[in-house]
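Before any comments, here is the structure.
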Protein chains: 4
Amino acid sequence: MLKEESVKRAELPMKEKMIDTCIALFGRKGFRETSIKDIVEANGMTKGTFYYYFKSKEDVLVYIHDTFISGLLHKQRKIMQTENYSYKEKLYAVVEMMILNIAEGVDSAMVFFREMRHLSEAKTKEILPKRDQFQKNIQEIIEGGISKGEFRSDLRADMLSYAILGIANWSYFWYEPGGEVKEQELTNIYMNIILQGIEEGKK
Amino acid sequence: MLKEESVKRAELPMKEKMIDTCIALFGRKGFRETSIKDIVEANGMTKGTFYYYFKSKEDVLVYIHDTFISGLLHKQRKIMQTENYSYKEKLYAVVEMMILNIAEGVDSAMVFFREMRHLSEAKTKEILPKRDQFQKNIQEIIEGGISKGEFRSDLRADMLSYAILGIANWSYFWYEPGGEVKEQELTNIYMNIILQGIEEGKK
Amino acid sequence: MLKEESVKRAELPMKEKMIDTCIALFGRKGFRETSIKDIVEANGMTKGTFYYYFKSKEDVLVYIHDTFISGLLHKQRKIMQTENYSYKEKLYAVVEMMILNIAEGVDSAMVFFREMRHLSEAKTKEILPKRDQFQKNIQEIIEGGISKGEFRSDLRADMLSYAILGIANWSYFWYEPGGEVKEQELTNIYMNIILQGIEEGKK
Amino acid sequence: MLKEESVKRAELPMKEKMIDTCIALFGRKGFRETSIKDIVEANGMTKGTFYYYFKSKEDVLVYIHDTFISGLLHKQRKIMQTENYSYKEKLYAVVEMMILNIAEGVDSAMVFFREMRHLSEAKTKEILPKRDQFQKNIQEIIEGGISKGEFRSDLRADMLSYAILGIANWSYFWYEPGGEVKEQELTNIYMNIILQGIEEGKK
DNA sequence: AATGAATGAGTTTTCATTCAT
DNA sequence: AATGAATGAAAACTCATTCAT
């Protein structure tokens, strides 16, 4: 039993280590700019080993994308299904989740937002609906909030969902985890603007 | 003089045509994914000709970046200097300008936001301050609005500027020029949210 | 003893199954084009297993060649030693045997005729004499037939043997076992031409 | 004019030299076994140069195949259209042509007969009908000869055409140009067998 | 102003083989 | 008897760039 554990500790990490390296390198340098040589040298391996675990460079990209979007959708779904949340609270939770997600893995986010075009057409067709689903879910929360009277009834839920995605996702361009502003605080700041607007004397 | 003119009439279009091709190709396929062959074949030229006009592929990228950011800063500065504008109006004009800019040249925007990392370190050092300046200017408008009592005094101008950049710039991911929503309308929708927020019953 | 038998029942089939797979794959795709991965996957095995049974890919090729040429020579020798056969009958039997051999194992024939060049120099030196022997034996039958007055005395037995080899072996390019023309019939057709020629009014 | 000629002498040969090298190497070592490195080193060039002239290794193979089969068909057509030839003479001329063709370019023949499987499916579809045409043309000559009473009427023209192809083409396995037997002589020997058969006392 | 030939360093990928277990 | 991990050498191909003309 002890032995089995120690074996797993030695085996699994190799593939996982490579994926982590890929996320880091794809995120920092870009998919195209990262060579197999870069990846394997970062892990003290040889090229052959890479191709033992993955069938191509795109294969890893696919894996990263799938993991990222699945994670996002899963967390989003959980929030949407929380029963005692108001729509306001749901929106808050989703924005917070997006920011935390980016803060936790800037490189993953980079890969996700920037390198999708390197996926094959077939894979793109598979992943795009998931991306759309994420936006549609935000739109649904807004629509729910409108019909419950939590949000203004003159809003365009679709455009608003894009605005919220923009606010939250743009943070991957500038946000520094561990910097002055913590993720919670940023969420508060953003939600405050989204909910109340910036104009003086309207509240 | 006549000769010089006629020569220019022949010269400039060629160079400009190539730059336009580059914007289109870099935007659609990416900088790295676009080969010199792609560029020259799109114009019925040969590689040699490309190197007659540009000293390298990066050279074109630099030009595209410089043009884009200079245009943005120029338009922004003009708005900021418009004397009879309130800060609210200035903010409106800047958001409108960003959206129009993206709508007019999605490819340029793509190149600008996505391909900057292919610039040399030296060039990056030169361009980054300009990018920062653009954000700082938005921040300045907000600070102006706060001190004039147009905007709420409890706002963090820096974070807010990022939020506004996110809202406007994110449109390059999904906005379709010529679609249902016109640029002016999108600006109105976004500014309405930014100014008044989305919460019901607070106005 | 019982144990040994049961072990053999488990062992031999595995090795033989692999060789059969190799014949099929080498024949259809070619030696170089068939990877160890192809071979083992076709048998639900892993690479290690292949190297447990064979010391290299060439090893299998050698085995296939040896088996094929040995079979041919053996059958040929048997025909040549049949005492009550005339030389005409011997020639008939050899041609029939060649055609049957190809029809029965097109893949083996393919490997034999096409992939010999992948054998090591040493192995080639060993196998070539056997190939030559096969041709020489046909030549010998013809020479026998000439001296016995069965065949025309003005024939060049060597060139004729090549012609017969060509006629029979070329069938591996086009012959479809199970098609309209059966092997026996094809033999009759070919022997009829070889013996009597195609010209009208000479019989 | 002199200059133009000398330029052409310098230019064209490069591509042609490479094709010749390819024929020699593909023929001797095989398509798969010949690396681009082999090809360019044989000509004192670098890999890049190869890809300047050809878009892939298959590209050259296609060229070799097209040239070979076109040449064969062209010569065959010319023979078939010679008006004062009897069918016997046409058959003679075609067999002679095949033998000469192989003798003149054993390597080309090798490539043609052995390496066709490396062509893409699309290219194979294009070339196969041409190969079939060659056989069909021989069949046509035989059928003509039968109906004119030159050849026996009980022959199967299709099987016979395969036999003749086999006899002639098999020579690429063993024939040595410049050896004891000249091409004309071999043609005479083969045609004599084909026309009259080998059996004694039937003429 | 424009071209065509050539290059060389780099890329992804394949694969037969080894070996500890 | 069988496996899974790892390797290393070589393969085909790409491409920005140079340069003589």
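Below, chain A is the first sequence line, B the second, and so on; all start at residue 1.
Atom CD1 of B/I39 sits about 6.5 Å away from atom NZ of B/K57, to the nearest 0.5 Å.
Between B/F26 and B/F31, the angle of the ring planes goes over 60°, which puts this pair in the perpendicular group of the 30/60° scheme.
Applying the 4.0 Å criterion to OP1 and OP2 of E/dC15, one finds that C/K37 has every side-chain N and O outside that range. When the side-chain nitrogen and oxygen atoms of A/Y53 are compared with OP1 and OP2 of F/dA6, one or more of them lie within a distance under 4.0 Å. Applying the 4.0 Å criterion to OP1 and OP2 of F/dC13, one finds that D/Y51 has a side-chain N or O inside that range. Contact check, D/T46 against E/dA6: no side-chain N or O comes under 4.0 Å of OP1 or OP2.
Atom CD1 in D/I39 sits roughly 17 Å away from atom P in F/dA10 (whole-Å rounding). The nearest whole Å value for the distance from the CG atom in A/D59 to the P atom in E/dT14 is 11 Å. Regarding A/M45, its CE atom lies at a distance of 19 Å from the C1' atom of E/dT12, rounded to whole Å. Taking atom CD of B/E58 as the reference point, atom C1' of F/dT17 lies 14 Å away to the nearest angstrom. Rounded to a whole Å, the CD atom of A/E33 is 11 Å from the P atom of E/dT11. Between the NZ atom of C/K47 and the C1' atom of E/dA16 there is a distance of 7 Å, given to the nearest Å. Between B/L61 atom CG and F/dA16 atom C1' there is a gap of 15 Å when expressed in whole angstrom units. In this structure, the CZ atom of A/F54 is 15 Å from the C1' atom of E/dT12, given to the nearest Å.
Comparing E/dT3, F/dA6, E/dT17 by their closest approach to the side chain of B/T49 singles out E/dT3. Here E/dA16 is the nucleotide among E/dT12, E/dA16, F/dA12 with the atom lying nearest to any side-chain atom of C/I36.
When the nearest nucleotides of DNA chain E are assigned to C/S35 and A/R32 by heavy-atom distance, the more 5′-ward of the two goes with A/R32. The 5' end of DNA chain E is approached more closely, in terms of each residue's nearest nucleotide, by D/F50 than by the other of A/K57 and D/F50. When each of B/G48 and D/F31 is assigned the nucleotide of DNA chain F with its nearest heavy atom, D/F31 is the one assigned upstream, toward the 5' end.
Considering all non-hydrogen atoms of both residues, A/K15 and A/F54 come closest at CE-CE2, 3.6 Å.
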Let's go through C/H65 and C/R131 carefully: what are the C-alpha distance in whole Å and the side-chain angles of both, what is the deciding distance for side-chain contact (heavy atoms from CB on, under 4.5 Å) to 0.1 Å, and is it a yes or a no? CA-CA 10 Å; C/H65 260 88; C/R131 287 187 170 237; 3.4 Å; yes

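At a threshold of 4.0 Å, the pair A/R117-B/E33 counts as salt-bridged, since one of the basic side-chain nitrogens sits closer than that to a carboxylate oxygen.
Pairing for E/dT21 is with F/dA2, a Watson-Crick or G-U wobble pair whose two hydrogen-bonding atom distances lie under 3.5 Å.
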